[in-house]
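So the structure is just underneath, and the comments pick up after that.
Excluded from the calculations below are hydrogen atoms, water molecules and symmetry mates; all remaining heavy atoms, backbone and side chain alike, are included. Predicted model only: the values in this text are computed from it and were never measured. Residue numbers count from 1 along this sequence.
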Amino acid sequence: MSETDIPAAAGLLLRERVHTFEQLEALAFLVRGREDSWPADAAAEALRIPEEAAREAMLELAACGLVVTEPESAPASRFRYSAATSELETCVAALMAAYQTNRLGIVKMMSDNAIHRMRTEAMRAFSDAFLIGRKNRNG
């Protein structure tokens, strides 16, 4: 299988919401245990990553509508998978299926997306450098 075999819904999720391998692994972990909520330390232990990395990944997933924190009023003590919309649920299902069958394609797509984001940011920073000395023409 190649990167072109990855469903469009999975690719969309990787471009727009899941940017790091920690986020991908945390999402997969939470999807597998979707009936439960998990503290960051338990997720970190299962994923074999530092607790702070697991917490950060799950907070980022929560910010983009893939994870909820429990209790919601507390400062993110436990995390549970819960896609905010049915469209997101479809994208997550496609991503998890593709990740099971085509890990290399998913990793390659994530790497390509990261390079694209870095290039875009570099171009934006470069173009902004020419705006520093300009005066606002509207006022």
Looking only at non-hydrogen atoms, find the nearest pair between [X] and [Y] and report the distance.
X   : Y    : value
T69 : A62  : CG2-CB, 4.4 Å
F21 : S111 : CZ-OG, 4.1 Å
A26 : M58  : CB-CG, 3.9 Å
C91 : L12  : SG-CD2, 4.5 Å
I6  : A98  : CG2-CB, 4.4 Å
A94 : P7   : CB-CB, 4.2 Å

Just how far is it from atom [atom1] of [X] to atom [atom2] of [Y], taken to the nearest 0.5 Å?
X   : Y    : atom1 : atom2 : value
I49 : F29  : CD1   : CZ    : 10.0 Å
E70 : S82  : CD    : OG    : 8.5 Å
D5  : T101 : CG    : OG1   : 8.5 Å
D41 : E51  : CG    : CD    : 5.0 Å
T20 : M110 : OG1   : CE    : 6.0 Å
T90 : L88  : OG1   : CG    : 9.0 Å

Practice task
Examine the side chains of S37 and R78 and answer whether a donor and an acceptor come within less than 3.5 Å of each other.
Solution key: yes
Exercise for the section: Verify whether one side chain among E35 and Y81 offers a donor that lies under 3.5 Å from an acceptor in the other. Expected result: no
Handout entry: Neighbour count above 12 (heavy atom, 6.0 Å) for E45 CD
Key = no
Practice task
For residues 13-30, pull every pair meeting salt bridge (charged side-chain N to carboxylate O under 4.0 Å, His left out), keeping only residues two or more places apart or in separate chains.
Solution key: E25-R103
Exercise for the section: Would you mind reporting whether R80 and D36 have side-chain heavy atoms less than 4.5 Å apart? Expected result: no
Problem - Non-hydrogen side-chain atoms of L95 and L24 separated by less than 4.5 Å - result: yes
Exercise for the section: Let me see the working for V18 and L66 under side chain to side chain contact (heavy atoms under 4.5 Å, CB included), right down to the final yes or no. Expected result: CA-CA 10 Å; V18 180; L66 296 170; 4.0 Å; yes
Problem - Stepwise side chain to side chain contact (heavy atoms under 4.5 Å, CB included) test for L59 and R55 - result: CA-CA 6 Å; L59 285 171; R55 180 181 311 284; 3.9 Å; yes
Exercise for the section: Indicate yes or no for a side-chain donor-acceptor contact from W38 to the backbone of G33 under 3.5 Å, with no hydrogens or angles considered. Expected result: yes
Handout entry: E56 (side chain) donor-acceptor with E52 (main chain) under 3.5 angstrom
Key = no
Problem - Among V107, N113, I106, side chain to side chain contact (heavy atoms under 4.5 Å, CB included) partner for M109 - result: N113
Practice task
Please step through side chain to side chain contact (heavy atoms under 4.5 Å, CB included) for the pair M96 and L27, ending with a clear verdict.
Solution key: CA-CA 9 Å; M96 292 300 107; L27 180 60; 4.0 Å; yes
